[in-house]
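Structure, as structure tokens:
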There are 2 protein chains.
Amino acid sequence: MKPRARAADKRRRLTTEAARVLHEQGVERTTLADIARAADVPVGNVYYYFKTKDDLVLAALSEHSAHLAEFTGRLDRLPDPRDRLKALIEAWVDQREVAARYGCPTGTLAVELDKRADGTLDEEAGTVIRRLLEWTGDQFRALDLPDPDDLAVTLISAYQGMSLLANALRDPDLMTREGTRLLGWLNSLQAPDQTA
Amino acid sequence: MKPRARAADKRRRLTTEAARVLHEQGVERTTLADIARAADVPVGNVYYYFKTKDDLVLAALSEHSAHLAEFTGRLDRLPDPRDRLKALIEAWVDQREVAARYGCPTGTLAVELDKRADGTLDEEAGTVIRRLLEWTGDQFRALDLPDPDDLAVTLISAYQGMSLLANALRDPDLMTREGTRLLGWLNSLQAPDQTA
DNA sequence: GTCTATATCTCGATAGAC
DNA sequence: GTCTATCGAGATATAGAC
């Protein structure tokens, strides 16, 4: 095993575990030791790969961002934009157990980072959410629906809200019920008549 | 000025400031010194009034709970349940600047407390949200609408979601747009025909 | 009852051996 | 490149003077 490969491997493990542990415990309650232990890397050695703790948070955010890009990329292969949005909602419901325990990874991260007085990182979580909003808006636009960006806000807002409530009430079934409602709402949306 | 009065006064000031500062900075980033400074009480003296930091968090939650009770109590004086819900939504929109900067006080607190591995306090924030859900469900019930509790979840979920997005994107106007949509949604809800 | 001084602990970060 | 030992900052909490 070449050193280069091992180094890259440790960096990857640290990034993956950082994303998971930071989601579960929150940024402020998570110590570098927690992440190091999860990634099976000695504590002091973390600083060889990441200069500061914030660098690890940033890496975790990139991980979420990459995951989102990969997922929407797969959805883009579906021909009908409405089916893409349906698949998105179904994916949310599938993740209901995790959401009920720890909330939406990006949403809870954004809440925490937005509390910071210094401007560090508080834009970053917003960027990931913005990207999801843009993709969603594109789908509504492709469906020729009016105010596609507002519809995107409504849909993503509903997702963040139901994740937060499911989390606060520890009730995964809430995600199922709201998911069903969202699918019905999505089906009810009609493009305006163009035959005038 | 009697000592008793002064003591009660300091306790009150500590509670009020704790609610404000914890909302703005988050639980984990807020130190006892922060709260003590805001309440104009010496740091070490805080422990005369609150045994632990968690006790202060609990006091802040009670403050939010009392505020909610006071507010819904005032809304209850409106004769029409639909008007009560409209007033609730309008109050959310009025608070858009605070929400865009710091999020919903109870919602962000719940997110943070739910990350705790130990069971301390993570139920408490959920209780306040549950109380709001129950009140909202009662209004939909009074309107003879089907599945009133699901409608309550949808409405409060929308509020939590739009607060989170407004916060993450630092966009208070998002609250205005979503508020308008929610008012339209509320108006569109019809009780089923009972004349059969 | 009120406040100061400080004990104690934990964490992020660094220095330097290997 | 890897890891151990440790420093120093800053936090909660307490002991005890007034």
Side-chain angles (χ1 to χ4, degrees), chain A residues 1-19 21-61 109 112-113 115-118 120-122 124, chain B residues 1-19 21-22 24-61 109 112-113 115-118 120-122:
Chain A
M1 214 186 288
K2 283 182 294 190
R4 256 296 167 76
R6 283 228 308 281
D9 190 51
K10 282 195 183 178
R11 192 172 215 288
R12 164 134 302 278
R13 252 156 47 212
L14 279 168
T15 305
T16 310
E17 291 305 303
V21 177
L22 289 174
H23 175 214
E24 292 179 2
Q25 306 190 347
V27 176
E28 305 297 338
R29 288 185 79 87
T30 299
T31 68
L32 292 179
D34 290 336
I35 299 173
R37 195 179 328 112
D40 200 33
V41 168
V43 203
N45 197 6
V46 172
Y47 287 93
Y48 178 73
Y49 301 98
F50 298 93
K51 271 192 286 298
T52 64
K53 182 181 177 179
D54 275 2
D55 277 1
L56 261 170
V57 177
L58 209 57
L61 266 168
L109 207 47
E112 222 175 342
L113 295 179
K115 299 285 186 192
R116 297 194 171 187
D118 55 351
T120 54
L121 296 186
D122 61 346
E124 301 302 324
Chain B
M1 216 187 284
K2 283 182 293 189
R4 258 294 168 74
R6 284 227 307 280
D9 190 51
K10 281 195 183 178
R11 191 173 216 288
R12 164 133 301 279
R13 251 158 45 215
L14 280 169
T15 306
T16 311
E17 291 304 304
V21 177
L22 288 174
E24 293 179 2
Q25 305 189 347
V27 176
E28 305 297 338
R29 288 186 79 88
T30 299
T31 69
L32 292 179
D34 290 336
I35 299 174
R37 195 180 327 113
D40 201 31
V41 168
V43 202
N45 197 8
V46 171
Y47 287 92
Y48 178 73
Y49 301 97
F50 298 93
K51 271 190 288 296
T52 64
K53 183 182 177 178
D54 275 3
D55 277 2
L56 262 171
V57 178
L58 208 58
L61 265 167
L109 208 45
E112 222 175 341
L113 294 180
K115 298 286 184 192
R116 295 193 173 188
D118 55 350
T120 55
L121 295 186
D122 61 347

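As the structure is a computational prediction, the values presented were derived from the model and not from experiment. Sequence lines set the chain letters: A, B, ... in the order given, protein chains first and strands last, and positions in each chain run from 1.
Nucleotide C:dT2 holds its P atom 13 Å from the CZ atom of B:Arg11, rounded to whole Å. What separates CZ of A:Arg37 from C1' of D:dC3 is a distance of 17 Å, to the nearest Å. Rounded to whole Å, the distance from CD on A:Glu28 to C1' on D:dT12 is 16 Å. Following rounding to the nearest Å, B:Asn45 (CG) and D:dA17 (C1') show an atom-to-atom distance of 14 Å. Distance CG (A:Leu14) to C1' (D:dG1): 14 Å, rounded to an integer number of Å. If you take CD1 of A:Ile35 and C1' of C:dC11, they are 13 Å apart, rounded to a whole angstrom.
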Identify all pairs in which a protein N or O lies below 3.5 Å from an N or O of nucleotides 5-11 of chain D, and state each distance.
none

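Residues A:Lys10 and A:Val41 come closest through the heavy atom pair CD-CG2, 4.1 Å. In terms of heavy-atom proximity, A:Ile35 sits nearest to A:Leu56 at CD1-CD1, 4.1 Å.
Considering only side-chain N and O atoms, A:Tyr48 lies nowhere under 4.0 angstrom from the phosphate OP1 or OP2 of D:dT2. Under 4.0 angstrom from either OP1 or OP2 of C:dT2 there lies no side-chain N or O belonging to B:Tyr47. For the OP1/OP2 pair of C:dG1 and a distance below 4.0 Å, the side-chain nitrogens and oxygens of B:Tyr49 include no atom meeting the criterion.
Of the listed nucleotides (C:dT4, D:dT2, C:dT2), D:dT2 has the atom at the smallest distance from the side chain of A:Lys10. For B:Thr52, the side-chain atoms get nearest to D:dA13 when compared with the rest of C:dC3, D:dA13, D:dG1.
Using a 3.5 Å distance cut-off with no hydrogens or angles, the side chains of B:Thr52 and B:Asp54 do not pair a donor with an acceptor.
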> Given the rule in the salt bridge (Lys or Arg N to Asp or Glu O under 4.0 Å) test, do B:Glu28 and A:Arg29 qualify, once you have shown the distances and angles that lead to the verdict?
Replying inline: CA-CA 7 Å; B:Glu28 305 297 338; A:Arg29 288 185 79 87; 2.9 Å; yes
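Seen from the ring of B:Tyr49, B:Arg13 does not count as a face-on cation partner, given the 6.0 Å and 45° thresholds.
Within the structure, side-chain hydrogen bond (donor to acceptor under 3.5 Å, both in side chains) pairs that include any residue of residues 34-47 of chain B comprise B:Thr31-B:Asp34, B:Asp34-B:Arg37 (at least two apart or interchain).
Atoms CD and CG, on A:Glu112 and A:Asp122 in that order, are 13.0 Å from each other to the nearest 0.5 Å.
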